[in-house]
Amino acid sequence: MSPEGKYSPAQREVLRIGTTKIAYWTGRSESAVYKWLTRRPAVSPIPPEHLPAVVAGARADGLEINLELLWPDGVRVLGAAA
């Protein structure tokens, strides 16, 4: 099966960013990030408490991420509050 059929859009975004980078930014092991991919809900593969570190790390590295994919509930709340 192709990765497109196996993974959700949010999971594919994590893989696109890179598990090694996410592990570095969050201070977690790469195996922890893989566990997030397989054990967390497919629509939110990164625990919300680690998202600020991912966003900060991506910005520092000049990497664009799709926060709407990684944290759809948070984006909805922030959009409604604006």
Side-chain angles (χ1 to χ4, degrees):
M1 180 180 285
S2 70
E4 290 76 23
K6 184 176 178 182
Y7 298 109
S8 73
Q11 290 169 321
R12 284 196 304 271
E13 180 72 354
V14 167
L15 293 171
R16 183 191 68 79
I17 294 166
T19 56
T20 302
K21 287 180 182 179
I22 292 172
Y24 176 75
W25 296 332
T26 60
R28 307 293 293 188
S29 67
E30 195 169 354
S31 67
V33 177
Y34 277 110
K35 286 178 185 175
W36 296 343
L37 281 173
T38 59
R39 296 182 183 171
R40 289 192 47 79
V43 296
S44 60
I46 298 175
E49 64 269 19
H50 293 292
L51 284 168
V54 172
V55 171
R59 284 185 180 158
D61 287 357
L63 181 65
E64 293 207 18
I65 62 171
N66 188 336
L67 200 53
E68 289 180 358
L69 286 177
L70 296 179
W71 195 35
D73 292 338
V75 170
R76 270 193 296 278
V77 168
L78 293 173

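Just the heavy atoms: all of them, side chains too, but no hydrogens, waters or symmetry mates, feed the values below.
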Does one hydrophobic cluster hold both Val43 and Trp36, with members joined at side-chain heavy-atom distances below 4.5 Å?
no
Taking the side chain as every heavy atom from C-beta outward, state whether Ile46 and Thr26 have any atom pair closer than 4.5 Å.
no
I'd like to check Trp71 versus Val55 (side-chain heavy atoms, cut-off strictly below 4.5 Å). Are they in contact?
no
Rounded to the nearest 0.5 Å, what separation is found between the OH atom of Tyr24 and the CG atom of Asp61?
8.5 Å
Any chance you could measure Ile65, atom CD1, to Ile22, atom CD1, to the nearest 0.5 Å?
8.0 Å
Specify the closest pair of heavy atoms between [X] and [Y], including all atoms of both residues, with the distance to one decimal.
{"X": "Ser44", "Y": "Arg40", "value": "O-NE, 3.0 Å"}
{"X": "Tyr7", "Y": "Arg12", "value": "O-NH1, 2.6 Å"}
{"X": "Trp25", "Y": "Ile17", "value": "CZ3-CG2, 3.7 Å"}
{"X": "Ala10", "Y": "Leu69", "value": "CB-O, 3.2 Å"}

When you look at CD of Glu68, are more than 12 heavy atoms from neighbouring residues, nucleotides or ligands closer to it than 6.0 Å?
no
Is it true that atom CD of Glu49 has more than 12 heavy atoms of other residues, nucleotides or ligands lying nearer than 6.0 Å?
yes
Which residues pass the salt bridge (charged side-chain N to carboxylate O under 4.0 Å, His left out) test with Arg16, sequence neighbours left out?
Glu13
Do the side chain of Gln11 and the main chain of Ala42 share a donor and acceptor less than 3.5 angstrom apart?
no
